[in-house]
Student: 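Before I ask anything, let me first share the structure, which is written out below as structure tokens.
Throughout, a chain's letter reflects where its sequence line sits, starting with A, and its residues are numbered from 1. Since the structure is predicted, the reported quantities are computational estimates derived from the model, not experimental observations. What you see below is based on every heavy atom in this structure, not just the backbone, and it leaves out hydrogens, waters and symmetry mates.
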Amino acid sequence: MLKIYNTLSRNKEIFTPKVEGQVGMYVCGMTVYDYCHVGHARVMVVFDIVARYLRYSGYALTYVRNVTDIDDKIIKRANENGEEFSALTERFINAMHEDERALNVLPPDIEPKATDSMEDMIAMIADLISKDFAYVGANGDVFYAVDNFKNYGALSGKKLEDLQAGERVDIDAAKRNPFDFVLWKQAKADEPFWVSPWGNGRPGWHIECSAMSKSCLGNHFDIHGGGMDLQFPHHENEIAQSEAASGEKFVNVWMHNGFVRINEEKMSKSLGNFFTVREVLKQYRPEVIRFFVLSSHYRSPLNYSDEQLNESASALTRLYTALRELDIAADLVQTTYTERFKEAMDDDFNTAVAVAVLFEMAREMNKIKSTNSEVANQLATELKSLADVLGILQDDPEVFLQAGDVEEGGVAEQEIESLIEQRVAAKTNKDWALADKIRADLKQQGIILEDVATGTSWRRES
RNA sequence: GGCUACUUAGCAAAUCGGUUAUGCAGUGGAUUGCAAAUCCAUCUAGGGCGGUUCGAUUCCGCCAGUAGCCUCCA
């Protein structure tokens, strides 16, 4: 029985989809004006695993993750670059998809773009005005009237009177309440615009998600996710817009993932303390980053450091080593390990415990590998099928263990094989000095030799 | 100032009112020509002060520290 922590109730709740066997999930995606950093990678990986596990559990899932491809930052960046905003966003959407594929994140079923959803947004804004939840301000912008939505603040646990208006938000004379937020913004000269009943302009950020989720999943759906920082004001505003417009409940379960931190501080664009996914991929393999994300619970903070990434690499090496020399072809037999894995995942997607189960399987495989290869193969098959739910361990073990950068000074495979042959000959002659020298020389170059029953195998140091 | 979380051994990270988490690292042993890998054993825990309880790391309260939100942010 799947339980999910719902930010709205601040409790783990038994998950019951609106329609039995079917799930609609919407996740706030990226604003595409720059490369994805590790924090974005966490969102992609976390909700990829949620999606995989929902499907593994038998739900027919519709997974929607939007792209915000118009907003102030995009316009600013495009102007700085002297290019069309659409050229900029196209480039970064492609880059995002590259990162996604690298991290073995399966694409969402629907990936709506804000700029393709203008009609839906304009219709929703008009609806909100007609229902008196929105008004045209003195400057011509359209604002949402937060005072008219009685549950405003329910998700983030904030009360309007506590929000200390004006302390950090500039009081805008055009607004009735400083917390009213913009739904439609008048275009300045040289800015891209769309035609609307309120003049040429562009939508506010929050209305984009309300409109896109409605058009993809309807007024009321099961799960809405995103980073913790979106809880307020973004998701709060989405609720205000969507529920005011439809008169229905908007979302059953709100899921928010924790931040990636560096030195105990949130990784973010504005602090400038971020690593992009492509930067990190130069140093670590994609699966290492994925494992790093999985190694803690999705709501906990995750500290980014070389130490942690290296540890993730070691852990993966252990799992792949256990799979080495085993056959995956055997029929899948589900043991109590599968039960325990599911139990962990059913408990609010506890990937840390799920991974611990995989390690226990690995230990048992190592133990019986040489005495009972049939059972070992069965376990390997089970392990791999469970790992697939987490999106890891799907490579051939030898490929994973031997992969490396030959271009960056690594030793070529052929050379390694030939040195191994020389060493085998030396061993036969009991020329231990030569055998050890070959092994030591290779170790210097990051190649580890292991003499196993079947001969000598090698791997690159992780 | 308001609100929300978190605080576990050398590091990371879970579970749990009484029973080995798990991984990396350390120590001892098995194995090996020697290693590596692997297996076995093992050392390090639960911020501080109170309370509830036969018993609390686990529940409650207070204190301290850390992070986040209250502006764009995943």
Side-chain angles (χ1 to χ4, degrees), chain A residues 7 10 27-31 36-44 46-47 65 68 71-73 76 153 156-165 167-170 179 181 205 225-234 236 256-261 264-271 274 291-292 294-297 299-303 305 307-308 310-319 321-322 324 343-344 347 350-360 362-370 401 427 430-433 435-436 439-440 443 448-453 456-459 461:
Chain A
T7 307
R10 296 185 196 278
V27 172
C28 289
M30 265 55 81
T31 301
C36 293
H37 64 232
V38 181
H40 300 121
R42 188 175 193 191
V43 184
M44 293 198 278
V46 162
F47 287 101
R65 193 188 59 208
T68 297
D71 94 321
D72 291 357
K73 284 182 178 173
K76 185 167 170 249
S156 53
K158 294 184 191 307
K159 294 183 188 127
L160 277 172
E161 55 266 33
D162 291 340
L163 282 169
Q164 304 244 342
E167 187 166 295
R168 295 175 76 186
V169 184
D170 288 335
F179 283 94
F181 52 90
W205 176 39
M228 255 167 191
D229 44 4
L230 299 186
Q231 213 178 102
F232 188 90
H234 185 54
E236 198 71 72
H256 292 101
N257 67 275
F259 299 125
V260 176
R261 293 192 201 163
E264 303 300 317
E265 200 175 45
K266 176 185 172 184
M267 177 185 287
S268 75
K269 293 260 170 79
S270 38
L271 290 170
F274 61 89
F291 189 90
F292 167 65
L294 289 174
S295 59
S296 74
H297 186 89
R299 282 187 282 118
S300 305
L302 183 59
N303 271 307
S305 70
E307 206 186 352
Q308 289 314 306
N310 286 327
E311 202 178 284
S312 294
S314 304
L316 273 174
T317 298
R318 176 171 165 81
L319 291 170
T321 303
R324 199 161 52 170
E343 228 171 84
D347 185 14
N350 194 333
T351 51
V353 171
V355 167
V357 173
L358 302 188
F359 276 107
E360 288 183 41
R363 194 197 316 158
E364 187 172 341
M365 281 152 57
N366 284 331
K367 214 183 296 191
I368 63 171
K369 224 176 203 175
S370 58
L401 294 169
K427 279 176 61 177
K430 298 207 191 281
D431 185 353
W432 307 127
D436 290 353
R439 188 172 62 198
K443 175 130 202 308
I448 307 212
L449 298 190
E450 291 167 2
D451 293 336
V452 291
T456 299
S457 64
W458 64 276
R459 66 186 163 94
E461 229 165 359

Student: Check each of A/Q231, A/R299, A/H256 against A/T7 using the side chain to side chain donor-acceptor pair (under 3.5 Å) test, and report the only one that passes.
Tutor: A/H256
Student: side-chain contact (heavy atoms from CB on, under 4.5 Å) with A/E265: which residues, sequence neighbours excluded?
Tutor: A/L271, A/N273
Student: If you restrict it to nitrogen or oxygen atoms, what contacts under 3.5 Å exist between nucleotides 40-46 of chain B and the protein, and what is each distance?
Tutor:
residue	atom	partner	partner atom	Å
B/rC40	OP1	A/K367	NZ	2.8

Student: So A/V355, base contact, sugar-phosphate only, or nothing? Heavy-atom distance under 4.0 Å.
Tutor: nothing
Student: Could you state the atom-to-atom distance from CZ of A/R10 to C1' of B/rC6 in whole Å?
Tutor: 14 Å
Student: Work out how far the C1' atom of B/rG48 is from that of B/rC72, and round it to whole angstrom.
Tutor: 39 Å
Student: For A/S270, report the nucleic acid contact type (base, sugar-phosphate, nothing); a contact means any heavy atom under 4.0 Å.
Tutor: base
Student: Where the side chain of A/F179 is defined as all heavy atoms beyond and including C-beta, which of B/rU71, B/rA74, B/rA67 is the nearest nucleotide?
Tutor: B/rU71
Student: A/S295: which residues meet the side chain to side chain donor-acceptor pair (under 3.5 Å) condition with it, sequence neighbours left out?
Tutor: none
Student: For A/S312, enumerate each residue passing the side-chain contact (heavy atoms from CB on, under 4.5 Å) test, keeping only those at least two apart in sequence or located in another chain.
Tutor: A/V288, A/F291, A/F292
Student: What protein N or O atoms touch nucleotides 9-14 of chain B N or O atoms at under 3.5 angstrom, if any, and at what distances?
Tutor:
residue	atom	partner	partner atom	Å
B/rA12	O2'	A/Q308	OE1	3.1
B/rA14	OP1	A/H297	N	2.6
B/rA14	OP1	A/S300	OG	3.2
B/rA14	O3'	A/N350	ND2	3.1

Student: Would you mind classifying the nucleic acid contact of A/G29 as base, sugar-phosphate or nothing, using non-hydrogen atoms under 4.0 angstrom?
Tutor: sugar-phosphate
Student: Select base, sugar-phosphate, or nothing to describe what A/R459 touches, counting heavy atoms under 4.0 Å on all strands.
Tutor: sugar-phosphate
Student: Taking atom CE of A/M30 and atom CE of A/M44, what is their separation to the nearest 0.5 Å?
Tutor: 4.5 Å
Student: On a whole-Å scale, what distance lies between the C1' atoms belonging to B/rG46 and B/rU8?
Tutor: 4 Å
Student: By nearest atom, which of the nucleotides B/rC3, B/rU22, B/rA74 is closest to the A/K158 side chain?
Tutor: B/rC3
Student: To the nearest Å, how far apart are A/L316 CG and B/rG23 C1'?
Tutor: 11 Å
Student: Please state the C1' separation for the pair B/rG23 and B/rU4 - nearest whole angstrom.
Tutor: 31 Å
Student: Rounded to the nearest 0.5 Å, how far does CD of A/E236 lie from CZ of A/F181?
Tutor: 9.5 Å
Student: From CZ of A/F359 over to P of B/rU38, roughly how many Å is that when rounded to an integer?
Tutor: 11 Å
Student: Who pairs with A/K367 by side-chain contact (heavy atoms from CB on, under 4.5 Å), at least two apart in sequence or on another chain?
Tutor: none
Student: Going by the rule side-chain contact (heavy atoms from CB on, under 4.5 Å), which residues pair with A/V46 if we only count those two or more places apart in sequence or in a different chain?
Tutor: A/R42, A/N257, A/V293, A/Y298
Student: Report the residue (A/V357 or A/E450) whose heavy-atom-nearest nucleotide on RNA chain B is the more 5′ of the two.
Tutor: A/V357
Student: Can you tell me how far C1' of B/rU7 sits from CZ of A/R261, to the nearest Å?
Tutor: 11 Å
Student: From B/rA74, B/rG23, B/rA21, pick the nucleotide closest to the side chain of A/A315?
Tutor: B/rG23
Student: Looking at every strand, decide which applies to A/G39 at a 4.0 Å heavy-atom threshold: base, sugar-phosphate, or nothing.
Tutor: base
Student: Give me, pair by pair, the N or O atoms of the protein and of nucleotides 30-32 of chain B that are less than 3.5 Å apart, along with how far apart they are.
Tutor:
none

Student: Does the structure show A/F259 stacking with B/rA74, if we require the centres to be closer than 5.5 Å and the planes to be within less than 30 degrees of parallel?
Tutor: no
Student: Tell me every residue that passes side chain to side chain donor-acceptor pair (under 3.5 Å) with A/K158, counting only those two or more places apart in sequence or in another chain.
Tutor: none
Student: Only Watson-Crick and G-U wobble pairs with both distances less than 3.5 Å should count. Give RNA chain B in dot-bracket notation, marking inter-strand partners with |.
Tutor: (((((((..(((.....[...))).(((((.......)))))....(((((..]....))))))))))))....
Student: If you measure from the P atom in B/rU53 to the same atom in B/rC60, how many Å do you get, rounded?
Tutor: 16 Å
Student: If you look at every heavy atom in A/L401 and A/T317, which pair is closest and at what distance?
Tutor: CD2-CG2, 3.7 Å
Student: Measuring only the P atom in each nucleotide, how far is B/rU52 from B/rU15? A whole number of Å is fine.
Tutor: 28 Å
Student: Got a second to check how far A/T351's OG1 is from A/H297's NE2, nearest 0.5 Å?
Tutor: 7.5 Å
Student: Just call it for A/D436: base, sugar-phosphate, or nothing, with non-hydrogen atoms closer than 4.0 Å on any strand.
Tutor: base
Student: Suppose we screen for side chain to side chain donor-acceptor pair (under 3.5 Å). Which residues come up paired with A/R363, at least two apart in sequence or across chains?
Tutor: none
Student: Please state how far atom CD in A/E364 lies from atom P in B/rC39, giving the value in whole angstrom units.
Tutor: 11 Å
Student: Please confirm whether the shortest side-chain N or O distance from A/R318 to OP1 or OP2 of B/rG23 is below 4.0 Å.
Tutor: yes
Student: For B/rG28 versus B/rA64, give the span between their P atoms, rounded off to a whole number of Å.
Tutor: 45 Å
Student: Would you indicate what A/L230 reaches in the nucleic acid, counting non-hydrogen atoms under 4.0 angstrom: base, sugar-phosphate, or nothing?
Tutor: sugar-phosphate
Student: Calculate the interatomic distance between A/F181 atom CZ and B/rC72 atom C1'; express it in whole Å.
Tutor: 15 Å
Student: If we check side chain to side chain donor-acceptor pair (under 3.5 Å) with A/N303, which of these qualifies: A/E264, A/R261, A/Q308?
Tutor: A/E264
Student: Identify the two heavy atoms, one from A/S457 and one from A/R324, that lie closest to each other, and give their separation to 0.1 Å.
Tutor: OG-NH1, 3.5 Å
Student: Just to be sure I understand the rule, does A/M44 reach a base, reach only the sugar-phosphate, or reach nothing, if contact means heavy atoms closer than 4.0 Å?
Tutor: nothing
Student: Considering all heavy atoms of both residues, which atom of A/G39 and which atom of A/V260 are nearest to each other, and what is their separation?
Tutor: CA-CG2, 3.8 Å
Student: Choose from B/rG33, B/rA74, B/rA21 the nucleotide whose nearest atom is closest to any side-chain atom of A/E360.
Tutor: B/rA21
Student: Determine the minimum heavy-atom distance between A/C28 and A/R65, stating which atoms define it.
Tutor: C-CG, 4.4 Å
Student: In whole angstroms, how far is the C1' atom of B/rA35 from the CZ atom of A/R439?
Tutor: 4 Å
Student: Which whole number of Å gives the distance between the P atom of B/rA45 and that of B/rA21?
Tutor: 12 Å
Student: For A/K427, which residues count as a side chain to side chain donor-acceptor pair (under 3.5 Å) partner, sequence neighbours excluded?
Tutor: A/D451
Student: Using atom NE2 of A/H256 as one end and atom P of B/rC3 as the other, report the distance to the nearest whole Å.
Tutor: 20 Å
Student: Between A/A433 and A/Q231, which is nearer to the 5' end of RNA chain B once each is assigned its nearest nucleotide?
Tutor: A/Q231
Student: Just N and O in the side chain of A/K369: are any of them under 4.0 Å from OP1 or OP2 of B/rA37?
Tutor: no
Student: Please measure how far the P atom in B/rU42 lies from the corresponding atom in B/rC54, and state the result in whole Å.
Tutor: 34 Å
